[in-house]
Amino acid sequence: MAGQSDPDLSIFSAPEVEFLAEDEMIEIVPNIRMEALNMICGDYGPFFPQIATRVPLWLAVALRKRGKCTIRSPEWMSVERLTQVLESERESPREFQPLPFHYIEISRLLFDHAHDDIQNIYMVRSLIEDIRDVRFHKVETGLETIAGRTHAVKLKNLSAMEVNIVRPFMVRALQAFYKHDSPQVIQQSEPMGTRRPQAVDRGPRRDLRPR
């Protein structure tokens, strides 16, 4: 309906996407003994010193701020793994390497709140920035190849932040192409009062002869 915004065209802010990423599970190593935490979203713990356990990222950050644990970097954040991903991204101009859906937000939270727990943090940060730049360039290049006959685009292995940036433009572009190539869609979307009645085709007509 006119005057209403299309929910498909909505875009989240970076903090909102980061908020969604905080539910991702991550491993921590407590340095104190603590009873289980009973949350609305679930129960976590009990916690024992030097015994690793998995908790949501938001809880890991909260405990880390209070000095009650250290955070273990995910396996994909190692220098070796990120180097492999970057090389594969550069060698495959039309393919995206599989990474966690929230890899940008997770790494940013860990850089901000657990930088002392990350080995080779400067190299890891540099590799993630390079990977992000290469992937964003691929997205831009892919959008430039959209033609007027394109009614669907498949981009596999995009991350949350990449989807959030691309989605509004992609939806509007495809809608514009579809309407341009399908005039009947535009006609059907016009208000009823602006349409002209069309004669119904009843087949060949015969002349009426007087009896």
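If you read the sequence from its start, that first residue is 1, and numbering goes on from there. If you're wondering where the values come from, they're calculated on a predicted model, not measured in any experiment.
Side-chain contact check for I32 versus F48: every heavy-atom pair is 4.5 Å or farther apart. In this structure the side chain of I28 never reaches within 4.5 angstrom of the side chain of R72, judged on heavy atoms. For the pair L110/P74, a side-chain contact is recorded, criterion being any heavy-atom separation below 4.5 Å from C-beta on. Residues M25 and L57 fail the side-chain proximity criterion, which asks for heavy atoms closer than 4.5 Å. Counting heavy atoms from C-beta outward, Y44 and N38 have side chains that stay 4.5 Å or more apart. Considering only heavy atoms from C-beta on, Y103 stays 4.5 Å or farther from M161 through its side chain.
Between the side chain of N157 and the backbone N or O of L99, no donor-acceptor pair lies under 3.5 Å. Looking only at distances, a side-chain donor or acceptor of R135 sits under 3.5 Å from a matching main-chain atom of Q97. Within the 3.5 Å criterion, the main-chain N or O of Y122 finds no donor-acceptor partner in the side chain of S126.
Of all heavy-atom pairs between R64 and T70, the closest is CD-CA, 4.1 Å.
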Go through it in stages, so that I can follow the logic: the residues are K138 and E89, the test is salt bridge (charged side-chain N to carboxylate O under 4.0 Å, His left out), and I'd like the CA-CA distance, side-chain angles, deciding distance and then a yes or no. CA-CA 9 Å; K138 286 184 184 180; E89 292 285 359; 2.6 Å; yes

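In this structure, a donor-acceptor pair under 3.5 Å is present between the side chains of S159 and E162.
Both the sub-6.0 Å distance and the 45° axial angle are not jointly satisfied by K156 relative to the ring of F96.
Placement of V79 and I128 within a single hydrophobic cluster is found when ILVMFWY residues are connected by side-chain heavy-atom separations under 4.5 Å, directly or transitively.
The existence of a salt bridge linking R81 and E75 is excluded, since no basic side-chain nitrogen approaches an acidic carboxylate oxygen closer than 4.0 Å.
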